[in-house]
Every structure is written in C-alpha cells, then in structure tokens.
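Below is one structure; the comments refer to it alone.
Just so it is clear: chains get the letters A, B, ... in the order the sequence lines come, proteins before strands, and each one is counted from 1. Quantities reported herein were computed from a predicted structural model and do not represent experimental measurements.
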2 protein chains.
Amino acid sequence: MNNYSKQREAILDVMKENLVHPTAEEIYHFVLEKEPQISKSTVYRNINILVELGEIKKLNMTVGPDRYDYLYKEHSHAICEKCGNIFDFYDDFNKDKISKELLKQIGNNMDINSITIYGICEDCKSNNKK
Amino acid sequence: MNNYSKQREAILDVMKENLVHPTAEEIYHFVLEKEPQISKSTVYRNINILVELGEIKKLNMTVGPDRYDYLYKEHSHAICEKCGNIFDFYDDFNKDKISKELLKQIGNNMDINSITIYGICEDCKSNNKK
DNA sequence: ATCGAAATTAGGAATTATTCCTAATTTTAA
DNA sequence: TTAAAATTAGGAATAATTCCTAATTTCGAT
C-alpha cells in the first residue's frame, strides 16, 4: 500500500476543499466531478487508507453514517446526537493531563488521537418534540 | 412508546448484568437465554428506545458495530481505534468548564451527554505491524 | 526507456448492520 | 371487560461497507 494514484489524490483534494465533514457517499459524489469513472469501492478503500495514514480523521456518529474530516489543523469535535451537526472547536484542556489521568485510572498508556463531545445542540433542545 | 413488556425488561436486565459494552448482536444472544423466541428486530427496537430513555448509552465505534453501555454510574470512555477495546474512566475535567468553552467558541449552548477519547492503546502500540 | 513485480483500479457481488412491514398478541386504562 | 394503543415475531427491505477478480497502472531496478 502506498503507490501513487490519481484517484487517491483526487479524494484527498476533495477533503482539502470541503471542510464540511462529508460521509463516504458524499465524498464519492464530490470526487465523481474530478474522476468521472471512479468506483465507489475505490473511494471506500482509499478513505480507509487515508485514515490509516493519518491524513483524514473518521468521525464516529450517533446518527447516520460515519463522517470524515481533513486535519488542516488539530482540533476536537462536538457532535449533536439528535441532528448530527458537527462543531469544530479548539480545546485548551491538554492531552498530557488527560493522558496521565488515563494511565492512572486504567493502567494503560494510550496515545490520544482525539476527544469528542457528544450532546444535544441548542436548536434540538428548543425544537424538542418529546 | 412506553408500555411494559417482558422483552424490554429482559434486555435491560442483560445490560445490567453484562458491563462489557456488548454490540446489538451480542445483546440479542444474551437475551435469547432469557427469552428464547425474542426476535432480533425487537432487540434493536428496544435498544433504541432504551437509549432514548437514557437508560443505556450508545458508544460510537471506529472499528466494528456500535456498542452499548448500561449507565450504572456516570463515566467516560476511552476507545482504542485499532482493537476496539473500551476503557471506562471517571474524569475530573468537569462538564461545566467544557460547556462554557463550547459556548464561547461555537456559540451554541450544548447539553453534554458524554466525552469520548479515541486513541491507540498500549497493546496495539507495541504489537505495531506497520 | 523497458520489463516484471507489486499495487491499484472498476464493477459488481456479497456481507454486515439495521430498519421497516404486517398480522397477531399483549398491555393499559376506563 | 373491553376497545384502543403498544408491542411482538418473523421476515423482507434497505443502507453502508467490504470483498472478489481480471485488467490497468505504478514503481524500481536495470
């Protein structure tokens, strides 16, 4: 794994141009405009490779399919569990502190990749239908 | 939604007895021992209801299907993105502080349900095959 | 540049995870 | 006790993703 292909480059370009946390399906449609005969399996395979290479991040969603984010700058995410909206934010609670706390509590020295806050956003709270 | 049924009670019992973050499929198999003719759709439907009622929590996984956790006590999760292991831990960085930070940065007063740390655990770091 | 090995591709089949549908049964509450 | 509302089992349908294969592209050593 790691040979050049214009398909993989087109996918990464799409991720750089669209900072909107697209799903795999959405990435596929964006890429189709650059590479009209790319196949969906190629898109899925390369998304996984790019995640593994650390070029993009996978966002695990509560509602709907997973989403992806290009890491132009280190940041965290707050995700609404009702509407699925994703809010980027820049945290100041540092990883070192959490890292030490994890080691103390679970006895496992994890490398932290990201911190995600799950909750209910303001709009969903006021549009409360329950 | 909210009538008593022994099926739903059996699912909640399974969640209370198995603090191992099971998948929906695993919950189905555990429940089968109590309710041998329960159907998988009933399990899925009730899992979703119990999540909505706040009795159990859905854990969004990077690898594999989603997992569920009975909330015997408020806690956070650290999830290994490689092996899928879930570590429960009790954080001391309080929600209020993060809440205020979110409001300041994204201008949205979210209710925080949970904080999840995604990373790579010690075992996966040392068994590094890359 | 040329050639063989390794990696990647398109396209579609297969698989996995979950939701939806329907008629029958169970629960509720008046 | 009874009718309305909720829930169920079972299976079909859908959604999301991975797998398979033969053809093509890329790479690296000449």
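B:Ser5 comes within 4.0 angstrom of sugar-phosphate atoms only, judged by non-hydrogen atoms across all strands, and of no base. Counting any heavy atom pair closer than 4.0 Å across all strands shown, B:Ser41 reaches a base atom. Among the protein residues, A:Tyr44 comes within range of the nucleic acid bases, having at least one heavy atom under 4.0 Å from a base atom. Within the 4.0 angstrom heavy-atom criterion, only backbone atoms of the sugar-phosphate kind lie near A:Gln37; the bases stay farther away. When heavy atoms are screened at a 4.0 angstrom cut-off, A:Arg8 is found touching the sugar-phosphate backbone but no base atom.
Chain B approaches DNA chain C within less than 4.0 angstrom (heavy atoms of the protein), and the contacting nucleotides run 5' to 3' from C:dA17 to C:dT28.
Atom CE in B:Met61 sits about 17 Å away from atom C1' in D:dT17, given to the nearest Å. We find that CD of A:Gln7 is positioned 14 Å from P of D:dT24, with the value rounded to whole Å. Counting to the nearest Å, the P atom of D:dT17 and the CG atom of A:Asn46 are 15 Å from each other. Protein atom NZ of A:Lys6 is 10 Å distant from nucleotide atom C1' of D:dT24, rounded to whole Å. Rounded to a whole Å, the CG atom of B:Asp66 is 11 Å from the P atom of D:dT17. In this entry the distance linking NZ of A:Lys40 with P of D:dT17 reads 10 Å, nearest Å. Rounded to an integer number of Å, the gap from CD of B:Glu52 to C1' of D:dA6 is 16 Å.
Comment: B:Lys58 does not engage A:Glu81 in a salt bridge, judged by the lack of any side-chain N to carboxylate O separation of less than 4.0 angstrom.
Each of B:Asn2 and B:Asn48 was matched to the nucleotide of DNA chain C holding its nearest heavy atom; the match closer to the 5' end belongs to B:Asn48. The 5' end of DNA chain C is approached more closely, in terms of each residue's nearest nucleotide, by B:Gly64 than by the other of B:Thr42 and B:Gly64.
In this structure, the separation between OG1 on A:Thr42 and CD1 on A:Ile47 is 11.0 Å, given to the nearest 0.5 Å.
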Margin query: For a side-chain contact (heavy atoms from CB on, under 4.5 Å) check, start with the C-alpha distance between B:Leu59 and B:His77, then their side-chain angles and the critical distance, and finish with the verdict.
Written below: CA-CA 9 Å; B:Leu59 301 178; B:His77 297 97; 3.4 Å; yes
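Two residues are said to be in side-chain contact when any heavy atoms from C-beta on lie closer than 4.5 Å; A:Cys83 and A:Cys121 meet this criterion.
Of the possible polar contacts, one joining the A:His75 side chain to the A:Lys73 backbone as a donor-acceptor pair under 3.5 Å is found. Between the B:Gln105 side chain and the A:Tyr90 main chain, a donor and an acceptor come within less than 3.5 Å of each other.
Under the side-chain hydrogen bond (donor to acceptor under 3.5 Å, both in side chains) rule, A:Asn60 has a single partner from B:Thr116, B:Asp66, B:Thr62, B:Asn60, which is B:Thr62.
The phosphate of D:dT25 has neither OP1 nor OP2 within less than 4.0 Å of any side-chain N or O from A:Asn3.
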